[in-house]
K.L.:
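I have a structure I would like to understand better, so I am pasting it below and will then ask my questions one at a time.
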2 protein chains.
Amino acid sequence: MSKPLSGRKPSAKREAILDAAQVVFLDVGYAAASMDGVAARAGVSKATIYAHFTSKDQLFSAVIQRRCERSEAFQSIDSQGDVRAVLTGVARRLMTLLLSPEALAMYRLVVAESLRQPDLARAFYDSGPAAGKAQIAAIMADLADRGELVLDDPWVAADQFIGLLRTDLFMRTLLGLPLRDGQTLDGVTVGAVDVILRAFGPKR
Amino acid sequence: MSKPLSGRKPSAKREAILDAAQVVFLDVGYAAASMDGVAARAGVSKATIYAHFTSKDQLFSAVIQRRCERSEAFQSIDSQGDVRAVLTGVARRLMTLLLSPEALAMYRLVVAESLRQPDLARAFYDSGPAAGKAQIAAIMADLADRGELVLDDPWVAADQFIGLLRTDLFMRTLLGLPLRDGQTLDGVTVGAVDVILRAFGPKR
DNA sequence: GTCTATAGCATGATAGAC
DNA sequence: GTCTATCATGCTATAGAC
């Protein structure tokens, strides 16, 4: 937490521990995860874990931090082309990311522990929601520059676009509930893009 | 879980246990909550808790279920009057509800435990998100009937309206992060209403 | 650094008296 | 139903050998 983890410490065992811990935490949650379980999966003794990490909390923190550093969101999105096509592409990528089992598991974990571990909440927010929003805002600003959208504030618009995508479908998936009939990723995507275009499209 | 809790069992102690458990769970989370802590706060011995509830899981479940049954969402909203005023009123109520400390704490708990306790996730979803969405859909359908909105599907529109409100402000609050400068409940509310009116307003 | 073995503790859950 | 007292488990964390 206080030590910058970017020092030279690839130490195979350390990585093995982190890999194992990630699987266990994301799988069963923080509370149900046991150090014994992590040790077993990593093929390492519990004492070795404590040689590398000071506590379960800190191990958990390291796992999330590492995953946050590695997250790349959407690197290659070109904002050229038809507005609708660009927005649809962005939306589809974001939806796929949001609904991926790993992202959902991370979200469940971090939300639950956010009050107990504020540093973690911050790291997650910065590398997840904030990073994604920044990229989407940049793309929307581009579209606005080209006159394809009329925006007061690209950041606000990006925020709203994301909100339009994180709707009931996301909530149900997050809670592990079955989807409604006809509730599809594409439906939500198209609906969100429609609203954005009607609200911020140039033809008004 | 299998027993309908509406049987005659107000049993003062039982209520005291539920009250105490609610405070403890919402306060420190499921994992960190201890039966000893609940017992102490309820002024009851641990054995008494186990006389009424079979396990920690079931106690937790009972707490959430009870809270879900009591939730009233927004009872009295009249959809008469100016469209913008109606939508703004709805939005403000929903935002206030979503951002209330108790609702946020419930959300953190249920999300974290949703996979382990699917019944709970269902109860929460039905009495929370689903109930709220139903009310908002009804109001928007009303507005559509009056020609104030042009909607394909009020349920989809309600979903999108809610999404426009659950944006970055909500995420930051949920994670316990400080809000940005100028990031206000009113700002989000007005922004969402603007988008809905531009997308679904009659003047097009 | 890594292991085996174990201490120490808190917790969830129960037995038996009242 | 309710209490006091206790059990059994499983967890975090450490000691000491290699």
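It should be emphasised that the depicted structure is a prediction, and the values quoted were computed from it without experimental measurement. Chain A is the first sequence line, chain B the second, and so forth, proteins listed ahead of strands; every chain is numbered from 1.
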K.L.:
Over all strands shown, is A:Thr54 touching base, sugar-phosphate only, or nothing at heavy-atom distances under 4.0 angstrom?
P.N.:
sugar-phosphate
K.L.:
Send over the distance from B:Asp57 CG to C:dT11 P, rounded to a whole Å.
P.N.:
16 Å
K.L.:
Nearest whole angstrom, please: distance from the C1' of D:dT14 to the CD1 of A:Ile49.
P.N.:
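About 14 Å, once rounded to whole Å.
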K.L.:
Taking side-chain contact (heavy atoms from CB on, under 4.5 Å) as the definition, give me every residue that meets it alongside A:Asp145, ordered by chain and number, with sequence neighbours left out.
P.N.:
none
K.L.:
Looking at residues at least two apart in the chain, or sitting in another chain, which of them share a salt bridge (Lys or Arg N to Asp or Glu O under 4.0 Å) with A:Arg67?
P.N.:
none
K.L.:
Taking CD1 from A:Ile17 and P from C:dC3, how many angstroms apart are they, rounded to a whole number?
P.N.:
8 Å
K.L.:
Can you name the salt bridge (Lys or Arg N to Asp or Glu O under 4.0 Å) partners of A:Asp19, sequence neighbours left out?
P.N.:
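Only A:Arg66 meet the salt bridge (Lys or Arg N to Asp or Glu O under 4.0 Å) criterion with A:Asp19.
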K.L.:
Strictly below 4.0 Å: does B:Tyr50 bring a side-chain N or O up to OP1 or OP2 of C:dA13?
P.N.:
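Yes, B:Tyr50 has a side-chain N/O under 4.0 Å of OP1/OP2 on C:dA13.
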K.L.:
Hey, does the side chain of A:Thr48 come within less than 4.0 Å of C:dC3's phosphate (OP1/OP2), counting only N and O?
P.N.:
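It does, given that an N or O in the side chain of A:Thr48 lies less than 4.0 Å from OP1 or OP2 of C:dC3.
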K.L.:
What pairs of nitrogen or oxygen atoms, one from the protein and one from nucleotides 5-11 of chain D, lie under 3.5 Å apart?
P.N.:
{"unit_1": "D:dC11", "atom_1": "OP2", "unit_2": "A:Asp36", "atom_2": "OD2", "d": "3.4"}

K.L.:
Among A:Val83, A:Val156, A:Ile196, A:Asp153, find the one that has a side-chain contact (heavy atoms from CB on, under 4.5 Å) with A:Met140.
P.N.:
A:Ile196
K.L.:
Quick test of your reading: applying side-chain hydrogen bond (donor to acceptor under 3.5 Å, both in side chains), list the pairs with at least one residue in residues 179-191 of chain A, sequence neighbours left out, ordered by first then second residue.
P.N.:
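Counting only pairs at least two positions apart or across chains, the side-chain hydrogen bond (donor to acceptor under 3.5 Å, both in side chains) contacts touching residues 179-191 of chain A are A:Arg92-A:Asp186, A:Asp168-A:Arg180, A:Asp168-A:Gln183, A:Arg180-B:Tyr125.
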K.L.:
How many whole angstroms separate atom NE2 of A:His52 from atom P of D:dA13?
P.N.:
16 Å
K.L.:
Given atom CZ of B:Phe53 and atom P of C:dT14, what is their separation to the nearest angstrom?
P.N.:
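Rounded to the whole Å, the gap is 15 Å.
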K.L.:
Going by atom type alone, with no hydrogens or angles, which donor-acceptor pairs under 3.5 Å involve a side-chain atom of residues 101-115 of chain A and a protein atom two or more places apart or on another chain?
P.N.:
{"unit_1": "A:Tyr107", "atom_1": "OH", "unit_2": "A:Arg166", "atom_2": "NH2", "d": "3.4"}
{"unit_1": "A:Tyr107", "atom_1": "OH", "unit_2": "B:Tyr107", "atom_2": "OH", "d": "3.2"}
{"unit_1": "A:Arg108", "atom_1": "NE", "unit_2": "A:Leu174", "atom_2": "O", "d": "2.9"}
{"unit_1": "A:Arg108", "atom_1": "NH2", "unit_2": "A:Leu174", "atom_2": "O", "d": "3.0"}
{"unit_1": "A:Glu113", "atom_1": "OE1", "unit_2": "A:Arg116", "atom_2": "NE", "d": "2.8"}
{"unit_1": "A:Glu113", "atom_1": "OE1", "unit_2": "A:Arg116", "atom_2": "NH2", "d": "2.8"}
{"unit_1": "A:Ser114", "atom_1": "OG", "unit_2": "A:Val111", "atom_2": "O", "d": "2.9"}

